[in-house]
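Whatever order the structure lists them in is the order used to number ligands and atoms, beginning at 1. The basis for the numbers below is simple: all heavy atoms, side chains too, and nothing from hydrogens, waters or symmetry mates.
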Amino acid sequence: MTATAAPTTAPFRFFDVQVVRTRRLGPSMVRITFTGERLEELASGGRDQRFKLFLPQPHQAAPVFEDMGDGWYAAWRAQDPAERPVMRSYTIREQRHDPCEFDVDFALHGADDPASPSSGPASRWALAARPGDRLTVLAPAVEDNGGVDFRPPPGTDWILLTGDETALPAIAGILAWLSPGTTAKVWIEVGHDGDQQPLPTFADADVTWLARDRSTAHQGEAVLSALRAAELPEGTGYAWIAGEAGTVKAVRRHLVGERGFDRRAVKFTGYWRRGATEEDLIAELTAAATATAK
Ligand SMILES: Cc1cc2nc3c(=O)[nH]c(=O)nc-3n(C[C@H](O)[C@H](O)[C@H](O)COP(=O)(O)OP(=O)(O)OC[C@H]3O[C@@H](n4cnc5c(N)ncnc54)[C@H](O)[C@@H]3O)c2cc1C
């Protein structure tokens, strides 16, 4: 998980936003469109642009949160956990300027059973979201910002992308950004066939959709098996891998160990980890940072 324990603010800033509309994209995904004051100052870098959202607690109408500038993280941590907003990492799927709006595609994990241990506050919030619902986001104010990881170096001949539903918004953003004719090999694992969506691109993209077989396979297995069996293009590849942390690790190991990828040409990010909430992952990062500082 690359969510940092204490993300710096600049060139990010806080925006209060509200839901304009929601659209179910398939059994496991919902697209939520947001607007808000001063949204013309939000500047997504496209591709896999990450940002943080702050959700109200179920008993609140809006997140209780004060913009403390660079001191926000300490202030947020000092709040009563029952009152402070729930912080989660997401991807800006698309930003538009007229009118000023942006879309976020939420994977509805545990949607079939909201009481399931694999559901979480963000997934539950997205499932119930209605126009007018309010959130706070920490999002970029300049396009060239550190929240974009997809940066193939000069000399890259082709692109490899793998991910699950959580990575699908980023994969869509990357495909929309690629130059005409770029060779791209893409594997995307989703919960159901109905979660497939159009992925407009000028690239020469070969996209393989893999619907998870809930009865036999663990999440992530399908991507790894498909990749193992695949013939990859000649030349220098650049890989971008995201999704469940264990799967991401296994895919990276396969590319570096068996396919001879240069480590520096593999950008990998655990977007979530089985059995761990984002709070658990932040606590681990904070503990590691404290131990290093001693
Ligand atoms: C940089 C970045 C960008 C991301 N972009 C997106 C995005 O655009 N869309 C998106 O949907 N997600 C995205 N994610 C993933 C998202 O932040 C996590 O899935 C997050 O845990 C969801 O929060 P929650 O409150 O629903 O669940 P949590 O409270 O964090 O977790 C509750 C339980 O659900 C499990 N869980 C979490 N996510 C999943 C899942 N997808 N499938 C099955 N079980 C799960 C956890 O292991 C835990 O057991 C991104 C993550 C990162 C780091």
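- You'll find the ring centres of Tyr90 and Phe51 outside the 6.0 Å limit.
- Relative to atom 29 (O) of ligand 1, the option among Arg88, Gln49, Arg124 with the closest non-hydrogen atom is Arg88.
- We find that Glu244 and Arg273 are not joined by a salt bridge, their nearest charged nitrogen and carboxylate oxygen being 4.0 Å or further apart.
- Atom 49 (O) of ligand 1 has its nearest heavy-atom neighbour, among Gly243, Gly275, Pro169, in Gly275.
- Across every non-hydrogen atom of Thr35 and Cys100, the tightest pair is OG1-O, 3.0 Å.
- Per-residue contacts place Arg274 under 4.0 angstrom from the following atoms of ligand 1 (heavy atoms of the residue considered): 47 (O).
- The contact set between ligand 1 and Ala107, taken as ligand atoms under 4.0 Å from a residue heavy atom, comprises 10 (C), 11 (O).
- Nearest residue to atom 10 (C) of ligand 1 from Trp125, Tyr271, Trp272, Tyr90 is Tyr90 (criterion: closest heavy atom).
- Contact analysis leaves Ala170 out of contact with ligand 1, as no non-hydrogen atom separation drops below 4.0 angstrom.
- Any N or O atom pair closer than 3.5 Å counts here, and Ser89 shares at least one such pair with ligand 1.
- Using a 4.0 Å cut-off between charged nitrogen and carboxylate oxygen, Asp149 and Arg50 count as a salt-bridge pair.
- Nearest to atom 42 (N) of ligand 1 by heavy-atom distance, out of His109, Glu278, Glu244, is His109.
- Between Arg88 and Glu279, at least one side-chain nitrogen of the basic residue sits less than 4.0 Å from a carboxylate oxygen of the acidic one, meeting the salt-bridge criterion.
- At least one N/O-N/O distance between Pro121 and ligand 1 falls below 3.5 Å.
- Close approach of ligand 1 to Arg273 is summarised as follows: ligand atoms under 4.0 Å from at least one heavy atom of the residue are 46 (C), 47 (O).
- Between Trp177 and Phe202, the distance separating the two ring centers is not shorter than 6.0 angstrom.
- On a distance-only criterion, Ser123 and ligand 1 share at least one N/O pair closer than 3.5 Å.
- Every atom of ligand 1 is numbered from 1 in the order shown, and the set under 4.0 Å from a heavy atom of Phe106 is 11 (O).
- One finds no salt bridge joining Lys267 and Asp48 here, because no Lys/Arg side-chain nitrogen approaches an Asp/Glu carboxylate oxygen to under 4.0 Å.
- Under the 6.0 Å cut-off for aromatic ring centres, Phe34 and Phe15 do not qualify, their centroids lying 6.0 Å or more apart.
- Residue Gly270 has no N or O atom closer than 3.5 Å to an N or O atom of ligand 1.
- Here's the thing with Arg50: none of its N/O atoms is less than 3.5 angstrom from an N/O atom of ligand 1.
- Polar contact check, Glu165 against ligand 1: no nitrogen or oxygen pair lies under 3.5 Å apart.
- Contact atoms of ligand 1 toward Ala122: 23 (O), 24 (P), 25 (O), 26 (O) (distance under 4.0 Å to a heavy atom of the residue).
- When hydrophobic clusters are built by joining Ile, Leu, Val, Met, Phe, Trp and Tyr residues whose side-chain heavy atoms come closer than 4.5 Å, directly or via intermediates, Phe102 is not grouped with Val20.
- A salt bridge links Arg21 to Glu101: at least one charged side-chain nitrogen sits closer than 4.0 Å to a carboxylate oxygen.
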